[in-house]
Amino acid sequence: LSRLDADIAILGVPVDQGTSNRPGQRYGPRDIREASLIYAWAPAEGFYYIDTEQTVLKGVWWADLGDVDVVPSSMAQTSRNVTTAVAAIVRRGAFPVVLGGDHSIAFPVVRGLGVEPITVVHFDAHLDAYGDGDPDVLNHGGWVQQTSRLPGVRFVQIGMRGIANDAGGVARARRLGSTIVTAERVHREGVRAVLASLPELGTIYVSLDIDVLDPSLAP
């Protein structure tokens with residue numbers, strides 16, 4: 001970190017201490033990296049997209065910083081380690097891309113960004129607005145509550161569906177000022193209409209939970 005000289009910095013957070021269901025998310029950073037090796041040939045001069053007839057990421061330098069130290073006996077220390085690493089990336093002027101891990105890591109990541117105001121654009125099947133928001137506990141279902149207590153944070157939550165959401169969670173999210181866009185609404189109105197209805201976002205942090213994808217794609 002002290003020698004980081006890159007435009008984009010990859011950081012792995014191999015954590016599944018915060019999940020209440022099936023573990024294994026700690027293997028995510030490793031598996032994403034292994035899958036990415038198929039593009040090891042990728043040209044340094046960028047990537048050409050036919051649809052837009054543009055070359056993107058030309059001259060952009062990436063660095064993989066490895067994984068944050070995870071302390072299995074202390075969720076609070078793991079959370080602080082994530083925040084410290086993200087804050088260091090920002091200080092070095094790089095753009096952080098964080099690979100999880102369960103969704104509890106979003107709170108210490110946003111805390112480490114130190115940006116306000118900021119809009120968290122949250123793609124997920126679930127609202128994750130549960131629990132009491134204890135900042136010392138990693139919780140994949142309560143990180144929205146935790147993050148909402150940081151200064152200048154607001155939420156746009158997209159893709160919610162299914163039976164794991166309830167009226168209490170919706171009420172909590174709305175009390176936090178969240179804009180909620182269900183998966184059904186996206187199908188009903190279309191992506192362009194939904195985007196046009198969103199408030200001005202300003203600076204954003206994108207948080208992507210893989211279960212926002214259709215179960216046929218991410219079983």
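Basis for what follows: all heavy atoms, side chains included, without hydrogens, waters or symmetry-related copies.
When the ring-ring contact (aromatic ring centres under 6.0 Å, His included) test is applied to H103, the partners found at least two apart in sequence or on another chain are H122, W143. With sequence neighbours left out, D214 forms a side-chain hydrogen bond (donor to acceptor under 3.5 Å, both in side chains) with S216. Partners of S178 under the side-chain hydrogen bond (donor to acceptor under 3.5 Å, both in side chains) rule, at least two apart in sequence or in another chain, are Q157.
The closest side-chain heavy-atom distance from D31 to E34 is below 4.5 Å. The side-chain heavy atoms of E45 and T55, taken from C-beta on, include no pair separated by under 4.5 Å. A 4.5 Å side-chain heavy-atom check between D124 and D211 finds at least one atom pair inside the cut-off. In this structure, Q145 and L176 have side chains that are in contact, with non-hydrogen atoms separated by less than 4.5 Å.
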Please report, to 0.1 Å, the donor-acceptor pairs under 3.5 Å made by any side chain of residues 107-117, with sequence neighbours excluded.
from, atom 1, to, atom 2, distance (Å)
R111, NE, T83, OG1, 2.8
R111, NH2, S79, O, 3.4
R111, NH2, S79, OG, 3.0
R111, NH2, T83, OG1, 3.0

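The shortest heavy-atom contact between A173 and I180 is CB-CD1, 4.0 Å. In terms of heavy atoms, L65 sits closest to L11 at CB-CD1, 4.4 Å.
Salt bridge status for R33 with D67: present, with a side-chain N to carboxylate O gap under 4.0 Å. A salt bridge links E189 and R185; the closest N-O separation between the charged side-chain nitrogens and carboxylate oxygens is under 4.0 Å.
Taking Ile, Leu, Val, Met, Phe, Trp and Tyr as hydrophobic and joining them when side-chain heavy atoms fall under 4.5 Å apart, one finds V97 in a cluster with I8, I10, I32, F47, Y49, V56, L57, V60, W62, F95, L99. Other residues sharing a hydrophobic cluster with W41 under the 4.5 Å side-chain heavy-atom criterion for ILVMFWY residues are I38, Y39.
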